[in-house]
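Okay, structure first, notes after.
Positions are given from 1, in the same order as the sequence printed here. As a basis for the values below, the full set of heavy atoms in this structure was taken, side chains included, without hydrogen atoms, waters or symmetry mates.
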Amino acid sequence: MKKNIIVGLAVVLMLASCNKDEKILNTLNEYNNTMVEKGYHFGDKLELPKEVTDNAESISISFGDKETSSLTVDPKFFTLGDNAVTFNIKTKGGKTLNQDATINVFAKNPEKNIAYQIIAEYPHDPKNFVQGFQIEGNTIYESDGQNGSSQILKYTLGTTTPLASTKQAQEDFSEGSTIVGDKVYQLTWQSKKGYIYDKSSLKLLSEFAYPNVLGEGWGLTYDGKNLIASDGSKLLYFLDANNPSKLIKYVAVAGSSQIYDQLNELEYHNGFIYANVWQKPVVLKINPATGEVVGTFDFTDIAKQNTKGSDDVLNGITFKGDNMLVTGKNWPKIYEVQIK
């Protein structure tokens, strides 16, 4: 009888312990869910509920191969945008509890809505599936995608007749491109390699492999020192222009209340990166040092005139002086807009 009482007490204590552990995790989960939309800024402290902290001997946060016991949103550990983390709680009862969560980190300053007006329109070949788009002088350099019809070409603004062009292999799907000195660099989508051409003739000079961190090629630009590439995520990758297989660094991109990913065609101009968001008529103005979105262009009205399906979307930005040229996949026009 005495033995049964002891066993019964043990079961009760175990159930009580399990209930407490479950309550800790439920409370933490509720807190995390309420913070997903609100998010954090760098320097903020995670104010976890007392139900969690009062019953914890220690708390740490891990993500990837990193772990910290600080509950401050530190840029050494977190990036802008969404961070997939795991909370590790060692309870005062000696148990270890784990819970996955998403911590969103936003830019501190709200992005500005940048006004513009259309001042000119130029013809664009609607057969061209624009992936990369630059202008130098009055010459457009364009990378066009689709397996079997991918190419790099150049033509004079105001015409659609190529001055030079080079086709890619059947298996290649051309993506972003940019000009570096007397060369043109071009990415491919899933071939995990890029091409380098002579700018004058567009003759293929060489190719390069992507750094391992870059799974796909999307957008590409040049800041005068490094190549900057996108892969459809929230990240921008800075690559060594002399050795594009070498990663220099990366930055994550976010606004003051919104996570941005699907970053696609890129352009660098006057100290900022401009990126279009795939399948959205939006272009972001990004601080390359921090990844913070400082401004947005809404090209909805232009896109409505040219987008009839899911593929013919805005995807082409470059600068003609201080004016921006914008176009899209299979669009019949290029628009010159003056920024107000």
Original post:
Any sub-3.5 Å donor-acceptor pair from Thr221's side-chain atoms to Tyr268's backbone N or O?
Top reply: yes

**OP:** Taking the six-membered ring for Trp and the single ring otherwise, decide whether the centroids of Tyr122 and Tyr335 are under 6.0 Å apart.
**Re:** no

**OP:** Mind telling me whether Tyr250 and Tyr237 have parallel, tilted or perpendicular rings, with 30° and 60° as the class edges?
**Re:** tilted

Original post:
Hey, are the side chains of Leu239 and Pro211 touching, using non-hydrogen atoms and a 4.5 Å cut-off?
Top reply: yes

**OP:** State whether Lys225 and Asp223 are salt-bridged, where the test is any N-O pair (Lys NZ or Arg NE/NH1/NH2 against Asp/Glu carboxylate O) under 4.0 Å.
**Re:** no

**OP:** For the residue pair Ser62 and Asn88, confirm or rule out a side-chain donor-acceptor distance under 3.5 Å.
**Re:** yes

Subject >> Within 45° cone and under 6.0 Å: Lys66 NZ/CZ vs Phe77 ring >> reply: no

**OP:** State plainly whether the residues Glu136 and Lys199 are in salt-bridge range, i.e. N to O under 4.0 Å.
**Re:** yes

Subject >> Cation-pi, Tyr210 ring and Lys192 (6.0 angstrom, 45 degrees) >> reply: no

Original post:
Rounded to the nearest 0.5 Å, how far apart are CG of Asp231 and CG of Asp261?
Top reply: 10.0 Å

Original post:
Hey, are Thr307 and Asp312 close enough side-chain-wise for a donor-acceptor pair under 3.5 Å?
Top reply: no

Original post:
How many angstroms lie between atom CD of Glu47 and atom CE of Met35, to the nearest 0.5 angstrom?
Top reply: 9.5 Å

Original post:
About how many Å separate CG of Leu202 and CG of Leu163, when rounded to the nearest 0.5 Å?
Top reply: 9.0 Å

**OP:** Could you tell me which non-hydrogen atom of Gly43 sits nearest to which non-hydrogen atom of Thr72, and how far apart they are?
**Re:** O-CG2, 3.8 Å

Original post:
Can you list the steps and then say if Tyr197 with Lys203 is a side chain to side chain contact (heavy atoms under 4.5 Å, CB included)?
Top reply: CA-CA 5 Å; Tyr197 303 89; Lys203 177 184 177 182; over 6 Å; no

Original post:
Less than 4.5 Å apart, any side-chain heavy atom of Glu292 and any of Val253?
Top reply: no

**OP:** Compare every heavy atom of Ala275 with every heavy atom of Leu266, then report the nearest pair and how far apart it is.
**Re:** CD2-CB, 3.5 Å

**OP:** Would you check if Lys95 and Asp21 make a side-chain contact, meaning some heavy-atom pair closer than 4.5 Å?
**Re:** yes

Original post:
Quick one: CG on Leu325 to OG1 on Thr327, what's the gap to the nearest 0.5 Å?
Top reply: 9.0 Å

Subject >> Neighbour count above 12 (heavy atom, 6.0 Å) for Asn212 CG >> reply: no

Original post:
Nearest heavy-atom pair of Ile114 and Gly295: which atoms, and what distance?
Top reply: CD1-CA, 3.9 Å

Original post:
For Phe42 and Val105, what are the C-alpha separation, side-chain angles and deciding distance, and is it a side chain to side chain contact (heavy atoms under 4.5 Å, CB included)?
Top reply: CA-CA 7 Å; Phe42 288 129; Val105 182; 3.8 Å; yes

Subject >> ILVMFWY cluster, Phe106 and Val73 together (side-chain gap under 4.5 Å) >> reply: no

Subject >> Beyond-backbone contact of Asp298 with Asn113, side-chain heavy atoms, under 4.5 angstrom >> reply: no

Original post:
Can you list the residues that meet the side chain to side chain donor-acceptor pair (under 3.5 Å) rule with Gln117, with sequence neighbours excluded?
Top reply: Gln338

**OP:** Check the pair Gln131 / Trp218 against side chain to side chain contact (heavy atoms under 4.5 Å, CB included), numbers first and verdict last.
**Re:** CA-CA 8 Å; Gln131 300 290 84; Trp218 284 44; over 6 Å; no

**OP:** Check whether any side-chain N or O of Ser174 sits under 3.5 Å from a backbone N or O of Gly145 as a donor-acceptor pair, and report yes or no.
**Re:** no

Original post:
Any idea which heavy atoms bring Thr27 and Glu51 closest together, and the distance?
Top reply: OG1-CG, 3.5 Å

Original post:
How close do Ala254 and Ala107 get, heavy atom to heavy atom, and via which atoms?
Top reply: O-CB, 3.9 Å

**OP:** Could you check Glu37 against Asn104 for side chain to side chain contact (heavy atoms under 4.5 Å, CB included), going step by step and ending with a plain yes or no?
**Re:** CA-CA 8 Å; Glu37 186 173 347; Asn104 288 330; over 6 Å; no

Original post:
Considering only heavy atoms from C-beta outward, does the side chain of Tyr185 approach that of Pro244 to under 4.5 Å?
Top reply: yes

Original post:
For His41, does its backbone N or O pair with a side-chain atom of Asp44 as donor and acceptor, under 3.5 Å?
Top reply: yes

**OP:** Indicate yes or no: at least one non-hydrogen side-chain atom of Val130 is less than 4.5 angstrom from one of His124.
**Re:** yes

**OP:** Kindly say whether the aromatic ring centers of Phe133 and Tyr141 come within a distance under 6.0 Å.
**Re:** no

Original post:
Roughly how far, to the nearest 0.5 Å, is NZ of Lys45 from OG of Ser70?
Top reply: 6.0 Å

**OP:** Evaluate side-chain hydrogen bond (donor to acceptor under 3.5 Å, both in side chains) for Thr188 paired with Glu175, printing each intermediate quantity in order.
**Re:** CA-CA 5 Å; Thr188 59; Glu175 286 281 349; over 6 Å; no

**OP:** Report the distance from atom OG of Ser58 to atom NZ of Lys90, rounding to the nearest 0.5 Å.
**Re:** 6.0 Å

Original post:
Do the side chain of Glu265 and the main chain of Ile317 share a donor and acceptor less than 3.5 angstrom apart?
Top reply: yes

Original post:
Can you name the side chain to side chain donor-acceptor pair (under 3.5 Å) partners of Thr178, sequence neighbours left out?
Top reply: none

Original post:
Going by an N to O cut-off under 4.0 Å, is there a salt bridge joining Lys183 and Asp198?
Top reply: no

Original post:
Mind checking whether Ile259 and Ile103 sit in one hydrophobic cluster, side chains of I, L, V, M, F, W, Y counted as touching below 4.5 Å?
Top reply: no

Original post:
Below 6.0 angstrom between ring centroids: does that apply to Phe299 and Tyr116?
Top reply: yes

**OP:** Spell out, as yes or no, whether a donor-acceptor pair under 3.5 Å connects the side chain of Ser230 to the backbone of Asn264.
**Re:** yes

**OP:** Using a strict 4.0 Å threshold on nitrogen-to-oxygen distance, state whether Lys92 and Glu57 make a salt bridge.
**Re:** no

**OP:** Answer yes or no: is there a donor N or O on one side and an acceptor on the other, between the side chain of Ser245 and the main chain of Ala209, under 3.5 Å?
**Re:** yes

Original post:
Quick check: does any side chain N or O of Gln151 sit under 3.5 Å from a backbone N or O of Thr166, one acting as donor and the other as acceptor?
Top reply: no

**OP:** Apply ring pair (Phe, Tyr, Trp, His ring centres under 6.0 Å) to the pair Phe208 and Tyr195, showing each step before the final yes or no.
**Re:** CA-CA 6 Å; Phe208 58 91; Tyr195 296 115; 8.2 Å; no

Original post:
Would Val277 end up clustered with Phe297 when hydrophobic side chains under 4.5 Å apart are linked, directly or stepwise?
Top reply: no

**OP:** Tell me whether Val251 is reachable from Leu284 by hopping between hydrophobic residues (I, L, V, M, F, W, Y) whose side-chain heavy atoms are closer than 4.5 Å.
**Re:** yes

**OP:** Might you confirm whether atom NZ of Lys193 has over 12 heavy atoms from other residues, nucleotides or ligands at distances under 6.0 Å?
**Re:** yes

Original post:
What are the two closest non-hydrogen atoms of Lys234 and Gly81, and how far apart are they?
Top reply: NZ-C, 3.7 Å

Subject >> Leu314 reachable from Trp278 in the ILVMFWY side-chain graph, under 4.5 Å edges >> reply: no

Original post:
Are the side chains of Lys38 and Thr34 in touch, meaning some heavy atoms are under 4.5 Å apart?
Top reply: no

Subject >> Donor-acceptor contact present, side-chain Ser165 to main-chain Pro162, <3.5 Å >> reply: no

**OP:** Using a 4.5 Å cut-off on heavy atoms from C-beta on, say whether the side chain of Gln279 contacts that of Ser310.
**Re:** yes

**OP:** Indicate yes or no for a side-chain donor-acceptor contact from Lys154 to the backbone of Ser200 under 3.5 Å, with no hydrogens or angles considered.
**Re:** yes

